[in-house]
S.K.: 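Take this structure, written in structure tokens, and hold onto it; I'll ask about it next.
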Amino acid sequence: MNSVRIVVSATNPDPDAIAQAAAMIQRGGVVAMPTETVYGLAGDARNRHAVQAIFVAKGRPATDPLIVHVADYAQLVGVVGQLPASFALLSEAFWPGPLTMLVPKHPTLDPAITAGRDSVAVRMPHHAVALALIRASGCPLVAPSANLFSRPSPTNADHVLNDLAGRIDAVLDAGSTTIGVESTIIDLTCTPPRILRQGGVPAEQLATVLGDVIVHTIVVADADAAPAPGMLLKHYSPRAPVTIFRGTTPSIQTHIVTLAHQQTSLAWLCYDDDIAMATQAAIPYACLGARADGAAVATRLFAAIRELDALAVTQIVTSEPHGAGVAAAVRDRLFRAAEGRIVDL
Ligand code: TXA
Ligand code: MG
């Protein structure tokens, strides 16, 4: 399959380009689309063949359910069942935006989408291209992140094609995404609601609307024990093992430089204020930006991990961004990328 790159404006997409991609969706094809978080691999939620094609293209196990993306509330008909009161509060506050809500599914929704579960994940993305594609397709779109299973999520069209060229019909290329980590997933089928994945909407913002909310982003090594498959450790892993160091910035820098002297094939997933040390010690690095700016670090995270992957090093070392907000989601992704390997200095 030849995967077409369709270049579009992120803010004002050309209707002809959107129509070309929508025609592929309507034929049961799979098209990667930009959202404000990461690129998603989209297909018609009402077409069983398209849903299957998404699992196949990603190499994703059938046990890992898909998010249904809508452009308006009318498209939730036939997708969701009885909605809890918290849904109205949260959608009012955060949609369109990086919040995915788990709610009871509609009985007629394809069970492959929810991997046989009773709840469905729904989201209205805040991106002109995604919204235009959903509208032009005339149906809700299922869309997992557009990466091969267990690879980092894609934040630009090159990442998508590096993983999926030849396996998808097209990618709508609107440049880099603006948030860089995936949506927050909140389970509204329990009381109080539980955050299952930290992401674009920080927990503290959800708490201002809900009052009571539990952060339940546990990580488990065993697929059978996971409340949601995305909770698995080793979900965002580069090929080389990652180790996170905690401590003062000078102690981390000194430790990493010492390590690099002992081991040559090491790379540093670093911050602005580490670059001088990395350069001086000739340690290959990818920079995440300022460690106090969680939002900026989030936009660089997956791209930087892919850059280090391309170096074919045998070890990656890093530390965590500071602060609240989206930085919490970045710390979560780093923890998973490191499979929990944290060393306190
Ligand atoms: O930002 C995002 O959420 C991106 C963009 C494309 O919208 N999508 C995304 O999808 O990250 P994905 O499939 O890579 O991650 C969604 C995760 C799944 O791995 C699964 O753990 C969880 O959402 N999920 C989806 N439906 C679920 C369900 N019915 N019950 C429990 N967990 C569910
Ligand atoms: Mg994913």
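Each ligand, and each atom within it, is numbered from 1 in the order the structure gives. For clarity, every value in this text was computed on a predicted model and none was experimentally measured.
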S.K.: So is there a nitrogen or oxygen of Tyr39 less than 3.5 Å from a nitrogen or oxygen in ligand 1?
M.R.: no
S.K.: If we ignore angles and hydrogens, is there a donor and acceptor under 3.5 Å between the side chains of Thr37 and Arg123?
M.R.: yes
S.K.: Mind checking whether Lys58 contacts ligand 1 via backbone (N, CA, C, O), side chain (CB onward), both or neither, at a 4.0 Å heavy-atom cut-off?
M.R.: neither
S.K.: Do Val70 and Ile67 share a hydrophobic cluster (ILVMFWY, side-chain heavy atoms under 4.5 Å, transitive)?
M.R.: no
S.K.: Which one holds for Lys105 and ligand 1: side chain close, backbone close, both close, or neither close, with close meaning a heavy atom under 4.0 Å?
M.R.: neither
S.K.: Need the ligand 1 atom indices (1-based, order shown) with element for anything under 4.0 Å from a heavy-atom of Leu66.
M.R.: 26 (N)
S.K.: Can you confirm whether the side chains of Asp274 and Gln253 place a donor and an acceptor under 3.5 Å from each other?
M.R.: yes
S.K.: Tell me whether the Mg ion (ligand 2) has Asn147 as a neighbour, meaning an N, O or S atom of it below 2.8 Å.
M.R.: no
S.K.: So, Arg300 and Thr155: side-chain donor and acceptor under 3.5 Å apart, yes or no?
M.R.: no
S.K.: Counting only heavy atoms closer than 4.0 Å, does ligand 1 sit against the backbone of Leu196, its side chain, both, or neither?
M.R.: neither
S.K.: Show the atom names and distances, to 0.1 Å, of all donor-acceptor pairs under 3.5 Å that link a side chain in residues 315-325 to residues at least two apart or in another chain.
M.R.:
unit_1, atom_1, unit_2, atom_2, d
Gln315, OE1, Gln263, NE2, 3.4
Thr318, OG1, Leu269, O, 2.7
Ser319, OG, Arg291, NH1, 3.1
Glu320, OE1, Arg246, NE, 2.8
Glu320, OE2, Arg246, NH2, 3.2

S.K.: Run Asp110 and Lys105 through salt bridge (charged side-chain N to carboxylate O under 4.0 Å, His left out) and show every step you take.
M.R.: CA-CA 10 Å; Asp110 179 359; Lys105 81 182 268 285; over 6 Å; no
S.K.: Using a 4.0 Å heavy-atom cut-off, say whether Asp64 meets ligand 1 through its side chain, its backbone, both or neither.
M.R.: side chain
S.K.: Residues two or more places apart in sequence or in another chain: which of them pass ring-ring contact (aromatic ring centres under 6.0 Å, His included) with Phe245?
M.R.: His255
S.K.: Which of the numbered atoms in ligand 1 are under 4.0 angstrom from any heavy atom belonging to Arg60?
M.R.: 12 (P), 13 (O), 14 (O), 18 (C), 19 (O)
S.K.: Within the 4.0 Å heavy-atom shell around Ser183, which atoms of ligand 1 are there?
M.R.: 1 (O), 2 (C), 3 (O)
S.K.: Within a distance under 4.0 Å of any heavy atom of Gly40, pick out the atoms of ligand 1 and give their elements.
M.R.: 6 (C)
S.K.: Among Leu266, Thr279, Ile256, Leu308, which one satisfies side chain to side chain contact (heavy atoms under 4.5 Å, CB included) with Tyr285?
M.R.: Thr279
S.K.: Please work out which of Ala146, Ser119, Ser145 has its closest non-hydrogen atom nearest to atom 29 (N) of ligand 1.
M.R.: Ser119
S.K.: Under 4.0 Å, heavy atoms only, figure out whether ligand 1 is touched by the backbone of Arg117, its side chain, both or neither.
M.R.: side chain
S.K.: Using a strict cut-off of 4.0 Å, indicate which atoms of ligand 1 neighbour a heavy atom of Glu182.
M.R.: 1 (O), 2 (C), 11 (O)
S.K.: Relative to the heavy atoms of Ile67, which atoms of ligand 1 are at a distance of less than 4.0 Å?
M.R.: 3 (O), 8 (N), 9 (C), 10 (O), 16 (C)
S.K.: Would you mind telling me which of His159, Lys58, Arg239 makes a side chain to side chain contact (heavy atoms under 4.5 Å, CB included) with Arg151?
M.R.: Arg239
S.K.: Any heavy atom of Met33 closer to ligand 1 than 4.0 angstrom?
M.R.: no
S.K.: Short list, please: which atoms of ligand 1 are under 4.0 Å from a heavy atom of Ile185?
M.R.: 17 (C), 22 (C), 23 (O)
S.K.: Would you give the length of the straight line joining atom CD1 of Ile25 to atom CG of Leu133, rounded to the nearest 0.5 angstrom?
M.R.: 5.0 Å
S.K.: State the atoms of ligand 1, each with its element, that fall below the 4.0 Å cut-off from a heavy-atom position in Pro144.
M.R.: 10 (O), 12 (P), 13 (O)
